[in-house]
Structures are given as C-alpha cells and as structure tokens.
Undergrad: 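Structure in structure tokens, see below.
Nothing here was measured: the structure is a model prediction, and the numbers come from that model. Throughout, a chain's letter reflects where its sequence line sits, starting with A, and its residues are numbered from 1.
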Amino acid sequence: MKFELTEEQTGFAEAITDLMRSADSVAVARSWAGGDTAPGVKLWGRLADLGLTALVAPEEDGGLGGTLVDLVVAFEVLGHELAVGPWIESAALSPQTSGEMVTAAAAPLAPYAADAQVARLLSGTAGAQHASIDSTRTLTEVTGGEAFGAEALDRAVLAAAAQLVGAGERVLADSVTYVKQRKQFGREIGSYQAIKHQLADVRIALDFARPLVFGAALGEVPVSAAKVYAADAAYLAARTGLQVHGAIGYTAEFDLSLWLNRIRALVTAWGTPAYHRGRVLEAITDQKQAG
Amino acid sequence: MDLTLSESELAFQAEVRSWLAANVPAEPLPSMDTEAGWALHQEWEAKLAAERLSVVSWPREVGGREASLIEWVIFEEEYYRAGAPGRVSQNGIFLLAPIIFDHGTPEQQARFLPSMATGEKIWAQAWSEPEAGSDLASIRSTAVRDDERGGWILNGQKTWSSRATYAHWGFGLFRSDPDSAKHAGLTYYLFPLDAEGITVRAIAQLDGEAGFAEIFFDDVFVPDADVLGAPGDGWRVAMSTAGNERGLSLRSPGRFCAAADRLVELWKLNGADAPQSRDAVVDAWIGAQAYRLFTWGTVTRLADGGEMGAAGSVNKVFWSELDIALHETGLDLLGADAELLETPWMDGYVFSLSGPIYAGTNEIQRNIIAERILGLPREPKGAAK
Ligand SMILES: Cc1cc2nc3c(=O)[nH]c(=O)nc-3n(C[C@H](O)[C@H](O)[C@H](O)COP(=O)(O)OP(=O)(O)OC[C@H]3O[C@@H](n4cnc5c(N)ncnc54)[C@H](O)[C@@H]3O)c2cc1C
C-alpha cells in the first residue's frame with residue numbers, strides 16, 4: 001500500500017508542465033480562441049512527442065502501455081496549464097499512437113464533438129458548429145457515428161475529472177497570489193477572514209477530490225464519483241476565485257477568465273453532475289434508478 | 001501508486017475481522033455517558049485489551065501489539081464496519097498517550113499506560129475554561145509551586161471536559177508562572193479526579209446526557225511525579241497532540257464508511273419515499289470514500305516519515321461536516337420517525353453536531369489552513385487571537 005505518485009510520475013508531470021510553460025500555453029490558448037490554431041497544433045505535436053496521446057494505448061499496439069494513474073497525472077497538468085485541443089478524445093477516449101488529433105461525439109456524455117474544425121472526426125457526419133462558454137472549445141453537432149465502449153467512456157470521464165482538479169488548483173494558486181497583493185482598507189485582503197475562509201474551503205474541496213480521482217484510476221470507486229467531486233471542487237474554486245478577484249476577475253482580458261470558463265464547460269461536459277450522481281447511486285445500490 | 005495490502009496486513013485484517021464478528025455485542029451498548037453504559041463500555045475495553053486490540057499500535061510491554069500505522073487504519077476500518085462500541089477511553093489513548101510516549105518519564109509510562117490500555121482508568125481532557133475556548137492560551141487556572149511538599153497547588157476551573165463525569169484521571173494545562181503571558185509559563189499536569197479539592201459537576205449535553213463536565217480545583221496538590229514534560233513547557237507539549245485530535249487519530253475513515261453504508265441501506269428501504277434525498281445520499285457516500293482515500297494518502301506520507309502538521313486542519317473540517325451531512329441525510333430518509341430519540345441516526349446526529357466545535361472550531365481550522373497552508377497573512381495584531 002503506497003497511495004502516492006512514483007518519482008517517474010512526478011517527473012512526467014514536471015516535463016509536461018515545463019514544456020507547456022516554455023511554449024506559453026496561455027498565449028497559445030488565446031490564439032486558438034481567436035481562430036489561429038497553428039500555435040496550438042504545434043504545441044500539440046510537442047506534447048504528442050512526449051507520448052501523451054499514446055499514453056494509455058497498449059504496448060502491442062505501439063502505445064506506451066501507461067496506467068490510468070499516468071493518465072490522471074497528465075490530465076491534471078493539462079488542466080493546470082490550460083491545454084487546448086481535443087485531448088480527452090485523442091488521449092483518453094480513443095488513444096492515438098500516431099499522435100494525431102482526433103475528435104468525436106459520445107452522446108449523452110458529450111453530445112458535441114470538440115474542435116472538429118482542426119481535428120479528424122472519428123465517425124459520423126459533422127453538422128452545425130456552436131461556440132462554447134470556453135472560447136477555446138468549438139462544438140460541432142454530429143449525426144450517425146459509432147458508440148464507444150464503457151471502458152473508453154470511463155477513461156474520458158476520468159480525464160475530464162483530472163483536468164478539473166488541475167484547473168481548480170491553478171485558480172486557487174492564482175487567487176492566493178492575488179489576495180496577498182491586493183490591499184483594501186489598508187491591509188492585504190488575504191488577511192481578512194471572509195477571504196481566508198473561502199479559500200480554505202477551496203483547499204479542502206480540492207484536497208479531497210484528488211484522492212478520489214486517483215482512487216477511480218485504481219478502480220477503487222466509480223469514475224462517476226470522481227467526476228462529481230472534481231467538478232464540485234473545481235467549480236467552487238472558480239466561483240471563489242472570481243469573487244476574491246473582484247471586477248478584474250470578471251474581465252475577459254485577464255487570464256483567470258480562461259480557467260473559469262474552462263471549468264464551467266467541463267462541469268457539464270462528459271456527463272453532468274446529475275448524470276454522474278445517478279450512476280453512482282446505481283453502482284452503490286446495484287439497482288437501475290428510474291429517470 | 002497502489003492500495004493493495006501485504007500478506008501480513010491481510011492476515012491481520014482477517015484476524016481482527018473474525019474476532020470482532022464473534023465478539024461485538026449483538027445489541028448496541030447503552031450510552032457511555034450513563035452510569036450503566038459506562039460500566040459496560042469499560043468491560044468492553046477490557047475484553048479488547050485481553051486480545052491486545054485496545055491499543056494495537058502500542059508496544060507490547062504496555063498492552064499493544066506494535067501494529068504499523070497501516071495496520072492501525074485497517075483495525076479501525078474493521079472496528080467500525082463491525083458496528084463495535086464507541087471508545088470510552090479515546091481521550092486517554094488518542095490524546096494523552098502520544099504525549100506520555102514522547103514526553104513522559106519511564107516511570108510515568110509504566111504507571112499510566114497499562115491501566116489506560118485495559119480501560120481500568122479512563123482519562124478526561126481538562127483544557128478549556130469558561131474564559132478560554134478558542135483562545136486556549138489565555139487560560140487562568142493556576143499552579144503555584146510548593147517546594148516543601150515537592151509539587152504544585154492547582155486552583156481554578158475547567159469546563160466542557162468530555163467524560164469527566166465518570167472518568168478517573170484528568171490531564172490539563174495550568175498557568176504556573178503568574179507573570180507569563182499567553183503561551184509561555186503553562187505546565188501540563190496529571191491528576192486523579194477524586195483528589196482532595198477537586199469537584200466535578202456534570203453538564204448535560206443537547207440530548208440530555210452528561211457527556212461533559214466542569215472541574216473545580218480548590219488547592220489541589222499535584223506531586224512533581226505527575227507533571228508531564230518540563231514545567232513551563234506545557235503549551236508545546238499540549239500542541240503536539242492537538243494535531244492528533246484534529247487529524248487521524250480521533251476520526252478514522254471506518255466510522256464514516258460504515259455510516260455511509262448504513263445510509264445506502266436506508267436509501268434502499270426508504271428512498272422511494274424521499275427521492276429529493278438522492279443527491280445527498282450520493283454525496284455523503286462519495287464523501288466517505290474521499291475521506292478513506294485521503295486517509296490512505298496521509299498514511300503513506302506519515303509512514304514515509306512525513307508529519308501531519310496543518311493538514312490535520314483540512315481533515316478536521318472535512319470529517320466534521322461529512323459526519324453531519326451523513327446523519328442529516330439519514331434523518332431525512334427516516335421521515336417523521338427521525339424525531340425518535342432511540343434511533344442510532346438521532347444519536348449519531350446529535351454527536352455529529354459537536355464536530356465543528358470541539359477539537360478547535362472549524363473557524364479556527366480555516367484560519368490555520370489559510371495561514372499555514374495557503375500562506376495568507378496573519379490577522380493584524382489586536383484583530384484576533
Ligand atoms: C462535545 C464537546 C466536547 C468537548 N470536550 C472537551 C474536552 O474533553 N476537553 C476540553 O478541554 N474541551 C472540550 N470541549 C471544548 C471545546 O474545545 C471548545 O468548545 C472549543 O475550543 C471552542 O471554544 P468555546 O466553546 O469557548 O467557543 P468560543 O471560542 O467562544 O467560540 C464561539 C464562536 O466564535 C468563533 N470564534 C472564536 N474565535 C474566533 C476567531 N479568532 N476567528 C473566528 N471565529 C472565532 C468560534 O469558531 C465559534 O464559532 C468540548 C466541546 C464540545 C462541544
């Protein structure tokens with residue numbers, strides 16, 4: 001029993017982080033949102049070279065044969081550093097050993113295909129495009145298309161949960177930095193209990209969501225449990241992060257907005273909290289629930 | 001990363017499980033805060049001790065079986081899963097014993113630990129005072145040096161002392177240097193609750209039972225042999241257990257997982273009548289799982305030589321709120337019957353309500369998390385603490 005990451009796993013997370021920071025992943029995300037996907041495609045290629053899309057593909061198929069824990073490690077960083085592109089689809093739902101950027105719809109969990117404007121649609125016919133609250137996600141309607149197996153879908157849900165934890169951590173870290181600097185009434189706002197206690201609650205929520213995500217990767221709890229808690233924790237981080245930033249947090253130009261909107265999108269993408277609560281109930285009572 | 005148990009851990013688990021299955025009383029014991037229940041709880045402690053299961057992690061000489069931290073958590077999980085009685089000796093074994101191990105003299109260890117392990121002597125924690133709750137360092141009860149008799153004279157009043165109504169010994173902090181301010185000049189004393197000059201007055205709790213008490217000290221003599229740690233060093237000594245109380249030792253995941261399992265069973269019976277409780281049932285179950293997994297992470301860290309530190313505060317806020325949520329949801333599912341005092345749900349609920357208050361209120365824990373984990377600025381002087 002050793003419920004912690006190995007040195008290789010922490011090293012892997014650091015490697016992804018370093019690569020994304022040196023490529024200025026936030027600037028990349030901003031161009032992606034503005035319609036220029038070239039820098040994003042380039043960064044994608046470099047991350048794919050690290051093995052991200054092939055991570056959990058079996059070795060006999062040319063993949064890295066990584067575990068779901070490895071997948072969680074990677075997606076937490078992708079969330080923290082605001083990766084753009086259909087990572088959930090290309091690395092978790094349908095791992096691509098070639099590093100190719102693919103996308104898919106998987107109703108009812110993900111009724112739209114993300115980023116079909118740049119990625120190859122795995123199956124079905126692309127229809128109308130819609131904007132998302134997350135300006136780095138373009139959503140495409142798909143008709144026809146094949147269904148994915150339960151295992152593939154669970155991997156995608158797990159990846160979304162891990163990404164939420166990473167994004168929530170980032171918002172918390174940025175919020176802590178901000179409240180230590182911003183002064184009102186003659187002192188740092190972070191010295192006021194009303195601010196402290198809200199951020200402490202975010203710390204608590206994230207600290208308990210992360211073990212659930214790793215626990216789900218190890219098969220200890222249903223992935224739906226992880227998605228519910230990760231979404232709740234990240235959303236609390238987002239709401240609190242916005243509040244403690246005041247109006248600057250409400251500004252599109254301020255980078256925090258990118259994470260706030262990413263979190264809001266991922267709360268309902270890959271299964272709404274209500275959907276996943278229903279699945280958890282089914283799993284713990286061994287009975288199908290009506291509705 | 002893995003959660004698999006070793007051969008020997010699995011063997012330990014199997015042994016504990018089968019012993020508990022054969023020995024846990026079929027009917028829950030009466031409340032430990034009644035005279036009859038107290039005696040039965042002491043008997044239960046003795047039964048556990050005979051099997052060296054009352055203090056599994058302690059050395060063999062003092063009644064334990066030198067179980068590892070992992071085995072301790074395994075034991076706790078099995079204990080609560082089996083529906084075994086609450087631990088009447090918990091203040092002593094979880095809050096005092098770690099200090100006696102770290103700061104006690106060999107003589108104190110030999111004198112106090114074995115009878116604590118068997119449940120023969122039950123201990124009460126006498127820290128809070130009427131004017132010193134969250135601001136514990138402002139305590140006023142005094143200790144004055146008595147060189148002639150080789151000891152100290154205690155005066156003052158303690159309050160909210162759990163189980164002091166029937167307990168045998170108490171441990172507490174007193175101001176031994178009258179000129180000292182706050183944390184300095186406090187000393188840690190051990191004293192029999194039937195000592196001359198001590199008066200214990202029971203205080204009824206929310207459910208009417210005398211779960212805690214006030215303790216009055218009127219020129220109570222404590223010999224030097226019953227001072228724990230160095231005189232004047234009481235605060236540091238005491239704080240080395242505060243982390244325990246908030247963290248692992250008092251609240252093992254087994255309690256919450258067992259309650260969550262009972263909640264799921266109750267949902268299967270009554271859920272159709274209370275569909276609005278669905279999310280609360282699911283969230284409470286997930287919460288218990290999150291707590292279990294979080295604990296394994298903590299155990300891994302501690303086993304690797306890490307320290308609990310301020311992380312105990314994260315733990316405390318979470319378990320105390322989870323405990324209330326679990327029981328509130330249970331009451332909702334019982335409908336009108338929830339009101340009945342005899343259900344284990346109401347018992348558990350009333351107890352859970354004190355969680356955010358004792359062991360340092362959740363407001364104080366949030367301050368600790370914000371200041372020591374997130375690194376936010378302390379309150380300016382005079383604003384608080
Ligand atoms: C069931 C139960 C068992 C107990 N058992 C024991 C025992 O065995 N031994 C023992 O010594 N004590 C025991 N206690 C006492 C417990 O430790 C205290 O109740 C606790 O420390 C809080 O102190 P207080 O009750 O005086 O509340 P106060 O300190 O007066 O607090 C009242 C309210 O003000 C808030 N507050 C206080 N200071 C601050 C601050 N700086 N910032 C923000 N909010 C603040 C608190 O959070 C709380 O909400 C027990 C309490 C209960 C309920």
Undergrad: Closer than 4.0 angstrom, basic N to acidic O: yes or no for Lys196(A) and Glu371(B)?
TA: yes

Undergrad: For side chain to side chain contact (heavy atoms under 4.5 Å, CB included), just list the numbers for Leu376(B) and Glu188(A), CA-CA rounded to whole Å, side-chain angles, deciding distance to a tenth of an Å, and then say yes or no.
TA: CA-CA 9 Å; Leu376(B) 297 183; Glu188(A) 303 89 342; over 6 Å; no

Undergrad: Measure the shortest side-chain to side-chain distance between Arg278(B) and Arg277(A) over non-hydrogen atoms and say whether it is less than 4.5 angstrom.
TA: yes

Undergrad: For Ile195(A), is it the side chain, the backbone, both, or neither that has a heavy atom closer than 4.5 Å to a heavy atom of chain B?
TA: neither

Undergrad: Can you tell which part of Val176(A) gets under 4.5 Å to a heavy atom of chain B, answering side chain, backbone, both or neither?
TA: both

Undergrad: Just verifying a value: how many Å separate Ile369(B) CD1 and Leu199(A) CG, rounded to the nearest 0.5 Å?
TA: 11.0 Å

Undergrad: Verify the neighbour count for atom CD of Glu307(B): are there more than 12 heavy atoms of other residues, nucleotides or ligands below 6.0 Å?
TA: no

Undergrad: Which distance, rounded to the nearest 0.5 Å, do you find between the OG1 of Thr298(B) and the CD of Glu4(A)?
TA: 11.0 Å

Undergrad: Surrounding CD of Gln276(B) (heavy atoms of other residues, nucleotides or ligands, distance under 6.0 Å), is the total greater than 12?
TA: yes

Undergrad: Locate the shortest heavy-atom distance separating Ala200(A) from Ala370(B); write the atom from each residue and the value.
TA: CB-N, 4.5 Å

Undergrad: Evaluate Val314(B) against Phe208(A) for side chain to side chain contact (heavy atoms under 4.5 Å, CB included), listing each step before the verdict.
TA: CA-CA 9 Å; Val314(B) 172; Phe208(A) 283 88; 3.7 Å; yes

Undergrad: For each of Ala260(B), Gly287(B), Ser6(B), tally heavy-atom pairs with chain A at distances under 4.5 Å, and name the one with the top tally.
TA: Gly287(B)

Undergrad: For chain A, which of Asp304(B), Asn362(B), Ile70(B), Val282(B) has the most heavy-atom pairs under 4.5 Å?
TA: Val282(B)

Undergrad: Which pairs count as salt bridge (charged side-chain N to carboxylate O under 4.0 Å, His left out) when at least one residue sits in residues 357-370 of chain B, sequence neighbours excluded?
TA: Asp201(A)-Arg366(B), Glu321(B)-Arg366(B)

Undergrad: Run the side chain to side chain contact (heavy atoms under 4.5 Å, CB included) check on Gln289(B) and Leu212(A) step by step: do they pass?
TA: CA-CA 7 Å; Gln289(B) 294 301 313; Leu212(A) 267 176; 4.1 Å; yes

Undergrad: With a 4.5 Å cut-off on heavy-atom pairs, point out which of Asp283(B), Leu5(B), Val264(B), Ile373(B) contacts chain A the most.
TA: Asp283(B)

Undergrad: Might you confirm whether atom CD of Glu66(B) has over 12 heavy atoms from other residues, nucleotides or ligands at distances under 6.0 Å?
TA: yes

Undergrad: Between Ser191(A) and Glu379(B), is any pair of side-chain heavy atoms under 4.5 Å apart?
TA: no

Undergrad: Identify which part of Trp285(B) has an atom lying under 4.5 Å from any heavy atom of chain A, answering side chain, backbone, both or neither.
TA: side chain

Undergrad: So for atom CZ, which belongs to Arg239(A), do other residues, nucleotides or ligands contribute more than 12 heavy atoms lying within a distance under 6.0 Å?
TA: no

Undergrad: Do the side chains of Asp207(A) and Phe318(B) get nearer than 4.5 Å, heavy atoms only?
TA: no

Undergrad: Taking atom CZ as the centre, does Phe254(A) end up with more than 12 heavy-atom neighbours from other residues, nucleotides or ligands that are less than 6.0 angstrom away?
TA: yes

Undergrad: Hey, could you give me each pair passing salt bridge (charged side-chain N to carboxylate O under 4.0 Å, His left out) that has a residue in residues 68-81 of chain A? Not counting sequence neighbours.
TA: Arg21(A)-Glu81(A), Glu76(A)-Arg210(A), Glu81(A)-Arg170(A)

Undergrad: Could you walk me through whether Met1(A) and Thr4(B) pass side chain to side chain contact (heavy atoms under 4.5 Å, CB included), step by step?
TA: CA-CA 5 Å; Met1(A) 204 290 303; Thr4(B) 47; 6.0 Å; no

Undergrad: Using a heavy-atom distance cut-off of less than 4.5 Å, which residues of residues 214-233 of chain A contact chain B?
TA: Phe214(A), Gly215(A), Leu218(A), Glu220(A), Val221(A), Pro222(A), Ala225(A), Val228(A), Tyr229(A)

Undergrad: With respect to chain B, which residue among Ala205(A), Ala173(A), Gly190(A) yields the maximal number of heavy-atom pairs within a distance under 4.5 Å?
TA: Gly190(A)

Undergrad: Does the Thr300(B) side chain pair with the main chain of Phe3(A), one donor and one acceptor, at a distance under 3.5 Å?
TA: yes

Undergrad: Taking side chain to side chain donor-acceptor pair (under 3.5 Å) as the test, write out the residues that go with Arg182(A), two or more places apart.
TA: none

